[in-house]
There are 2 protein chains.
Amino acid sequence: MLLNHIRNYYPLSEEAQATLYDCFEQVILNKNDYLLHEGKICRHLYFLEKGALRGYYILDGKEITHWFGFEQDFVTSFHSFITQAPAVENIQLLEGSILWAISKEKLSRLFNQYHEIERLVRIAYEKYYIRLEERFVNAQFKSATERYEGLLQTRPYILERIPLGHIASYLGISQETLSRIRSRL
Amino acid sequence: MLLNHIRNYYPLSEEAQATLYDCFEQVILNKNDYLLHEGKICRHLYFLEKGALRGYYILDGKEITHWFGFEQDFVTSFHSFITQAPAVENIQLLEGSILWAISKEKLSRLFNQYHEIERLVRIAYEKYYIRLEERFVNAQFKSATERYEGLLQTRPYILERIPLGHIASYLGISQETLSRIRSRL
DNA sequence: ATGCTCTTTTGACATTAGTCAAAAACAGGA
DNA sequence: TCCTGTTTTTGACTAATGTCAAAAGAGCAT
């Protein structure tokens, strides 16, 4: 699954593909388990083979879910993973999941070994950056209703798999407001 | 200036530094000139030696300024530069400025030539990503007043150089609201 | 100083979204 | 089926922010 994903989406030589694949280790976790707790340093990047999870942090005593991960996503606490500083967020499983983990050290070694793997990650960052830019624009300049409609169009499956409370906080609105938006449509 | 900046902030071999530097060309523009118009493809990355500019797009007939660039920033329309699709945003000079431009083709050639330059850009993306993540969290989960106070603390110079209307839209609030927040503090 | 333009502030009112509390709907286990 | 805990919806009220219009202030050329 992971190997297929790499093969299909990333233009790597056979050798680099195999070496990359060998660096991942399988992790299996249950619903409500934590992949990362606030305050810990996130030392791994994960590929999510099956399942769902969320990143959230606490603001004014409330949980703010700021991203979800699903099948075929690479996930981590980017801030902590990049800086190796303690995480401000928690990563929690929303469903029982199968993941594949690679440590930051292994990844760095791969960068030295294969220019093409570092390129791949550079390009992956470009894509992540663009997506985050879109979300940023949505967050700051679109109304709650528009954000909800956008989510409906681009990732409707989220609405079926995730409790409304998490989705409301992901959209940056209260659960009551989300409920009212839905009843209006 | 550009060369110094590269020397000071990026760990490159002398050879790579020199080659990189040679790929930039100076651009001088006046206040209110445009570096990029909506609909055009952005083919260059710029280093801003002196001056100030903003990226904005039109939403519901209004200009939305979503970023500013100042001295020593690398700027471009990231979305268009990365995807080579027509830009949705405009980049406009807020002051007469001195810039240095490098084309996407030249940069790609440098990536092939020097692994270390591609690494540098990969790392730069990590930094940009983290900053954008912070702005995103601010936009979605902080109040207008908190966003203004944050700007005051982290980049007070913006407030002296940029008209309030642009700043309000950068903060995602109306100019009137910004004016009222300021009078309260 | 005068007039012109652009920027910033103020006022009155409308709209959006948040909060708190309670009711309704749903889901899973005994 | 009934109970229990969780999720979702509804109601009443409040707070934050937006909109439109007008006034005040600043900068600059004449």
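Naming convention: chains lettered A, B, ... in sequence-line order (proteins, then strands); numbering from 1 in each chain.
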Practice task
Round to a whole Å and report the spacing from CD1 of B/Ile173 to P of C/dT8.
Solution key: 13 Å
Practice task
Indicate whether the side chain of B/Trp100 and that of B/Glu49 have a donor and an acceptor atom separated by less than 3.5 Å.
Solution key: yes
Exercise for the section: Check whether any side-chain heavy atom of B/Glu25 lies under 4.5 Å from a side-chain heavy atom of B/Lys106, and answer yes or no. Expected result: yes
Practice task
Please list residues of residues 58-71 of chain B whose heavy atoms come under 4.0 Å from any atom in DNA chain D, ordered by number; otherwise none.
Solution key: B/Lys62
Handout entry: Nearest-Å distance for atom pair CZ/P, residues A/Arg184 and D/dG11
Key = 13 Å
Completion exercise
Atom CD1 of A/Ile181 and atom P of C/dG18 are separated, to the nearest Å, by 8 Å
Problem - Heavy-atom side-chain proximity of B/Gln72 to B/Leu48 below 4.5 angstrom - result: no
Handout entry: Any residue of residues 134-159 of chain A with a heavy atom less than 4.0 Å from an atom of DNA chain D
Key = none
Practice task
Check whether the side chains of B/Ser143 and B/Glu146 place a donor and an acceptor atom closer than 3.5 Å, and report yes or no.
Solution key: yes
Practice task
Would you tell me whether B/Tyr114 and B/Glu15 have side-chain atoms, one donor and one acceptor, within less than 3.5 Å of each other?
Solution key: yes
Practice task
Starting at atom CG of A/Leu94, determine the distance to atom P of D/dT6, rounded to an integer number of angstrom.
Solution key: 16 Å
Fill in the blank from the handout: Readout for nucleotides 9-15 of chain C: B = base within 4.0 Å of protein heavy atom, S = sugar-phosphate only, - = neither; 5' to 3' it is BBBB---
Exercise for the section: Would you indicate whether the side-chain heavy atoms of A/Lys104 and A/Leu45 approach each other to under 4.5 Å? Expected result: no
Problem - Interatomic distance where CG belongs to B/Asn32 and P belongs to C/dC6 [whole Å] - result: 11 Å
Problem - Interatomic distance, A/His115 atom NE2 to B/Glu116 atom CD [nearest 0.5 angstrom] - result: 10.5 Å
Problem - Aromatic A/Tyr125 / basic A/Arg122 pairing, under 6.0 angstrom, 45° off normal - result: no
Exercise for the section: Please state whether the rings of B/Phe47 and B/His5 are parallel, tilted or perpendicular, taking 30° and 60° as the class boundaries. Expected result: tilted
Practice task
Compute the centroid of each ring, for B/Tyr170 and then for B/Phe68, and state whether the two points are separated by less than 6.0 Å.
Solution key: yes
